[in-house]
*Asks:* 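After the structure tokens below, expect a handful of questions from me.
These figures come from a predicted structure and were not determined experimentally. Each chain gets a letter, A, B and so on, in the order the sequences are listed, and its residues count up from 1.
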Amino acid sequence: MTTILRTWDLTKVYDEKEIVRSVNMEIQQGEIYGFLGPNGAGKTTVMKMITNLVKPTAGEIEFFGDKMTHRSYEMLKRMGSIIEYPVFYDKLSARENLALHGEYMGYYDVQAMEEALELVKLSAVDKKPVKQFSLGMKQRLGIARAVMTKPELLILDEPINGLDPLGIKELREVFRMLSREYGMTLLISSHILGEIEQIADTIGVIREGVLVEQLAMDTIRNQNTQYIELITGECTKAVYILEHKLGLTNYKVLDPRTIRIYDDIPQLELSKAMAEADVELESMSKKHHSLEDHFVELMGGAHNA
Amino acid sequence: MLKLIRLELRKNKFNFLKSVLIADLAILGFMILIAFTSLNEGEFSSYTDLFDGVFVFVKAIYIIFASVLLSKLVIDEYKNNTITVLFMYPVPRKMLLTAKLIIVFVFTFLSIFLSDIVISSILTGVDYFMSDVIEGTVSQELILTHLVKAGTDALYAAGMGLIPLYFGMRRKSVPATIVTAIFIVMLISSGFGSFRMGNLIGVSLSLALVGAGIAYLSIRNIEHQDVA
């Protein structure tokens, strides 16, 4: 797979405050990259830097192997995007807006325009000005505008905001189709895990401007999902056994009484070893660590980790 | 560049002709009122006075007009956030902004120059056929001097018309843009008797240069600005 976009230590400072700090992102061609983080974590700023709206304070962005500078206008032809919320020339109709977009992008094609409207189920819009559109309709029109020019990289900032559940489901299908059938690479940000989880191939988690994790979904699904929780009064001793007798390394001491073991080990073997060493166990149970727990931990709970 | 200008106009659906017509009719009506009725107490006794009067009004109206255009073309794009869409196009920001400023400059220049000529001609006609309040004759020489004056005046005014850009851009504020224009108009129209600040070449020329400088700086800086 080719890397379509890569950032090197991307940093943005506003008023002496680091909004984005040393972000190293890597997006592979053809994948859906879910960009996850709470509100105000720096998602939009990163996206603005990628689309050349905001100039990085430090670091670099590489798009198709070319370094981006403030003069990289040609690169913008290969991107489609909605940043923050979709904005249009309010007094113009949907089609006028799209036509204008096509002219500026150097891609004027009525056919492509109709296809894009079809894709987001807006073909029926008439001449009414965009001002009168609902947020959901604007969101769809924004997506139509972004995909109209068949960009290689599609950047969508919170695209499901303002949509009803049915609309969200439809859009999810649209995103999948764009990725699978048109081979587009999608960078989708959201603060809603459930949404990202369902469509993303890779997830990048950003918190307070720092990219805390970047992993393929498959890896995340296999990782950290199951563990054995031990509760014991003799924690230090138990840890000693885990490490030296059983040779386990992937465990975590949550508090002086609780240990989580992520390594794959039969419960019987574990209890035997503990019994042999006279470690009294209050309880031992196999638990499921959901993806959500994982992200909540990453996004918010990292303060006490 | 021409294409960019055309797109800008399409985007805003301007109806220049209609607005200009209304403004010119208002100026004409006002001029007829003060020049040919008893309100005129010797203020407009010669053609030079009359034409200068027209110039002052026309300039005042169209400098404010220019600021309204600036608000629509530049400030509103920032306020409505459509600038984020515009600056994501594969077109250098410099060219996008230049296209907008060219529209404002050319519009201001043309409308002042043409309005000067048209309104002055109509007033001369009214005077000739109806009242003959104005003394002297319309000589070829007189016409020529005033044509040149209208041209240079319009050029200066078009330059001044760009000054509000600076104040409007600082806070992305439409009121600031228009208020600046009104201040400029007050400055150049102030004076006593037939003396007007704006008639001092030095004042007009330097204000016009300030406007040009502001336009240049805005265009130069725009590449490196963040669009927050």
Side-chain angles (χ1 to χ4, degrees), chain A residues 12-15 19-20 44-45 47-57 69-93 96-108 129-131 138 141-142 145-146 149 151 153 155 157, chain B residues 1-16 18-19 68-100 102-103 169-172 174 217-228:
Chain A
K12 180 70 199 178
V13 179
Y14 275 123
D15 298 331
I19 303 296
V20 171
T44 302
T45 309
M47 289 177 146
K48 280 188 173 176
M49 284 193 271
I50 294 172
T51 48
N52 213 4
L53 285 178
V54 167
K55 314 296 174 186
T57 312
T69 67
H70 69 270
R71 276 197 209 87
S72 306
Y73 291 104
E74 282 305 306
M75 289 184 186
L76 296 172
K77 267 190 188 162
R78 307 170 80 171
M79 295 183 197
S81 57
I82 306 179
I83 303 288
E84 271 175 311
Y85 51 89
V87 283
F88 301 94
Y89 294 101
D90 274 351
K91 288 182 209 148
L92 307 180
S93 73
E96 280 172 323
N97 263 292
L98 291 189
L100 209 56
H101 180 74
E103 295 272 13
Y104 273 114
M105 291 294 278
Y107 188 100
Y108 188 70
V130 176
K131 203 190 277 179
K138 281 188 185 172
L141 184 58
R145 181 171 63 184
T149 55
L153 177 63
I155 299 169
D157 194 3
Chain B
M1 186 55 85
L2 263 176
K3 190 183 168 194
L4 287 179
I5 292 175
R6 246 199 340 263
L7 287 175
E8 285 295 340
L9 295 177
R10 201 167 114 192
K11 200 156 68 182
N12 284 288
K13 288 188 170 170
F14 284 127
N15 196 340
F16 286 123
K18 196 172 129 199
S19 330
V68 174
L69 266 184
L70 278 178
S71 307
K72 279 205 162 205
L73 286 170
V74 186
I75 314 292
D76 271 356
E77 291 250 25
Y78 277 94
K79 288 204 85 162
N80 301 337
N81 242 329
T82 45
I83 199 80
T84 57
V85 174
L86 197 61
F87 281 175
M88 268 191 281
Y89 289 135
V91 182
R93 292 182 185 184
K94 279 181 186 172
M95 284 173 71
L96 292 167
L97 186 64
T98 308
K100 288 169 184 290
I102 285 178
I103 293 175
M169 281 292 271
R170 286 179 50 160
R171 282 168 186 265
K172 313 283 183 281
V174 172
L217 284 180
S218 311
I219 292 170
R220 206 191 62 178
N221 292 340
I222 201 135
E223 295 287 348
H224 301 279
Q225 269 164 15
D226 287 342
V227 183

*Asks:* I need the residue from B/His224, B/Lys11, B/Lys13, B/Glu223 with the largest number of non-hydrogen atom pairs under 4.5 Å to chain A.
*Replies:*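 When all of B/His224, B/Lys11, B/Lys13, B/Glu223 are compared, B/Lys11 has the most.
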*Asks:* Is there a side-chain contact between B/Leu4 and A/Tyr104, using heavy atoms and a 4.5 Å cut-off?
*Replies:*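 Heavy-atom side-chain distance check passes, below 4.5 Å.
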*Asks:* Check step by step if side-chain contact (heavy atoms from CB on, under 4.5 Å) holds for A/Tyr89 and B/Leu86.
*Replies:* CA-CA 10 Å; A/Tyr89 294 101; B/Leu86 197 61; 3.9 Å; yes
*Asks:* Can you tell whether the side chains of A/Glu103 and B/Arg6 come within less than 4.0 Å, N to carboxylate O?
*Replies:* no
*Asks:* In terms of heavy-atom pairs under 4.5 Å with chain B, which of A/Asp90, A/Thr51, A/Ile82, A/Thr45 leads?
*Replies:*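 Most pairs with chain B among the choices: A/Thr51.
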*Asks:* Work out which heavy atom in B/Asp226 is nearest to a heavy atom in A/Lys12; give both atom names and the distance.
*Replies:* OD2-NZ, 2.5 Å
*Asks:* Look up atom OG1 in B/Thr84 and atom OH in A/Tyr85, then write down how far apart they are to the nearest 0.5 Å.
*Replies:* 8.0 Å
*Asks:* Looking at every heavy atom in both A/Tyr73 and B/Pro92, which two are closest together, and how far apart are they?
*Replies:* CZ-CA, 3.3 Å
*Asks:* Hey, which of A/Lys77, A/Arg145, A/Arg78, A/Met75 has the most heavy atom pairs under 4.5 Å with chain B?
*Replies:* A/Lys77
*Asks:* Below 4.5 Å, heavy-atom pairs only: which of B/Arg93, B/Lys3, B/Gln225 has the largest tally toward chain A?
*Replies:*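 With the most close heavy-atom pairs to chain A, the winner is B/Arg93.
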*Asks:* So which heavy atom on A/Leu53 is nearest to which on B/Phe87, and how close?
*Replies:* CD2-CB, 3.7 Å
*Asks:* So which part of B/Glu77 gets closer than 4.5 Å to some heavy atom of chain A, the side chain, the backbone, both or neither?
*Replies:* side chain
*Asks:* What part of A/Ala99 is in contact with chain B, defined as an atom under 4.5 angstrom from a non-hydrogen atom: side chain, backbone, both or neither?
*Replies:*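 Both backbone and side chain.
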*Asks:* Could you measure the distance from the OG1 atom of A/Thr149 to the OH atom of B/Tyr89? Nearest 0.5 Å is fine.
*Replies:* 9.0 Å
*Asks:* I'd like to verify something: which residue of A/Lys91, A/Glu96, A/Glu74 has the highest number of heavy-atom pairs under 4.5 Å with chain B?
*Replies:*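 Between A/Lys91, A/Glu96, A/Glu74, the count favours A/Glu96.
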*Asks:* Measure across A/Val87 and B/Asn80 and return the closest heavy-atom pair with its distance rounded to 0.1 Å.
*Replies:* CG1-O, 3.4 Å
*Asks:* Can you see which heavy atom on B/Met88 is nearest to which on A/Ile83, and at what distance?
*Replies:*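 In terms of heavy atoms, the two residues are closest at CE-CG1, 3.8 Å.
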*Asks:* State, to 0.1 Å, how close B/Val227 and A/Lys48 come at their nearest heavy-atom pair, and which atoms those are.
*Replies:*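 It is O-NZ, 3.4 Å.
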